[in-house]
Amino acid sequence: MSTVELTKENFDEVVSTNDFVLIDFWADWCGPCKMFGPVYDRASGEHQDLVFAKVDTEAQPELAAAFQIQSIPTLMIVRDKVAIFAQPGALPGAALEDVIAQARALDMDEVHKSVAEARQNS
């Protein structure tokens, strides 16, 4: 599956209509982003049941600001409309596979319960 280019116009729709979205925040001038790109693309071919998306931080500064992206590349994972992972840095293939496996293994009922409790207590 090819990656989806996220913009401020389609972001909410993509994230709300898909259960598992990986998002690569990147820029064309970024050396580590260029190193991570092929790793990310390979993973998208191996996990065709997941949505792999990219945000060009130069073209979409509002999205980068909304998620407080201060270093690129940054990988974010959203499951069931909840951001469950965000980490800057270019991951090697094995590390990306490990992150995906851990994200798949999360009990989202527990995550939603924790989010609800945190909102209630704030």
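For clarity, every value in this text was computed on a predicted model and none was experimentally measured. Numbers for residues simply follow the sequence, beginning at 1.
A donor-acceptor pair under 3.5 Å is formed between the side chain of Asn10 and the backbone N or O of Glu5. Side-chain N or O atoms of Arg79 include one that pairs as donor or acceptor with a backbone N or O of Ala103 at under 3.5 Å. Under a 3.5 Å cut-off, the side chain of Gln48 and the backbone N or O of Gly45 do form a donor-acceptor pair.
By the 4.5 Å heavy-atom criterion applied to side chains, Val51 and Val14 are counted as neighbours. Between Phe20 and Ile84 the shortest side-chain heavy-atom distance does not fall below 4.5 Å. Put simply, the side chain of His112 reaches to within 4.5 Å of the side chain of Asp80, judged on heavy atoms.
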Would you check, one step at a time, whether the test side chain to side chain donor-acceptor pair (under 3.5 Å) holds for Ser44 with Asp41? CA-CA 5 Å; Ser44 75; Asp41 290 342; 4.9 Å; no

Using side-chain contact (heavy atoms from CB on, under 4.5 Å), reason through Val55 and Asp24 one step at a time and then give a plain yes or no. CA-CA 6 Å; Val55 173; Asp24 175 21; over 6 Å; no

Hey, mind stepping through Leu96 and Leu75 against side-chain contact (heavy atoms from CB on, under 4.5 Å) and telling me if it holds? CA-CA 9 Å; Leu96 178 57; Leu75 176 66; 3.6 Å; yes

Quick one: do Phe85 and Met76 satisfy side-chain contact (heavy atoms from CB on, under 4.5 Å)? Show the steps, please. CA-CA 5 Å; Phe85 178 86; Met76 180 178 289; over 6 Å; no

Please lay out, stage by stage, how Arg104 and His47 fare under the test side-chain contact (heavy atoms from CB on, under 4.5 Å). CA-CA 11 Å; Arg104 283 185 188 272; His47 299 278; 3.1 Å; yes

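A distance of 9.0 Å separates CG of Asp28 from CD of Glu58, quoted to the nearest 0.5 Å. Note that SG of Cys30 is 13.5 Å distant from CZ of Phe25, once rounded to the nearest 0.5 Å. The distance from atom NZ of Lys81 to atom CG of Asp12, rounded to the nearest 0.5 Å, is 11.0 Å. Taking CH2 of Trp29 as the reference point, atom NZ of Lys34 lies at 11.0 Å (rounded to 0.5 Å).
Ring-plane geometry between Tyr40 and Phe52 is classed as perpendicular, the angle between the planes exceeding 60 degrees on a 0 to 90 degree scale with a lower cut at 30.
Hydrophobic cluster membership is shared by Phe67 and Val4, with clusters built from Ile, Leu, Val, Met, Phe, Trp and Tyr side chains linked at under 4.5 angstrom. One hydrophobic cluster, built from ILVMFWY side chains closer than 4.5 Å, cannot hold both Leu22 and Met35; they sit in different ones. Leu50 and Trp26 sit in two unconnected hydrophobic clusters of ILVMFWY residues. Membership requires side-chain heavy atoms under 4.5 Å apart, directly or through other members. One hydrophobic cluster, built from ILVMFWY side chains closer than 4.5 Å, holds both Val21 and Ile72.
Taking 4.0 Å as the cut-off between side-chain N and carboxylate O, Glu62 and Lys8 count as a salt-bridged pair.
Ala27 and Thr57 get closest at one heavy-atom pair: CB-OG1, 3.6 Å. Here the closest heavy-atom approach between residue Ala90 and residue Pro73 is recorded as N-CG, 3.8 Å. The minimum heavy-atom distance linking Leu91 with Val39 is given by the pair O-CG1, 3.7 Å.
The number of heavy atoms from other shown groups lying within 6.0 Å of CD (Gln120) does not exceed 12. Remark: Glu13 CD is loosely packed, at most 12 non-hydrogen atoms of other residues, nucleotides or ligands lying under 6.0 Å away.
Between the side chains of Glu117 and Asn121, no donor-acceptor pair of N or O atoms lies under 3.5 Å.
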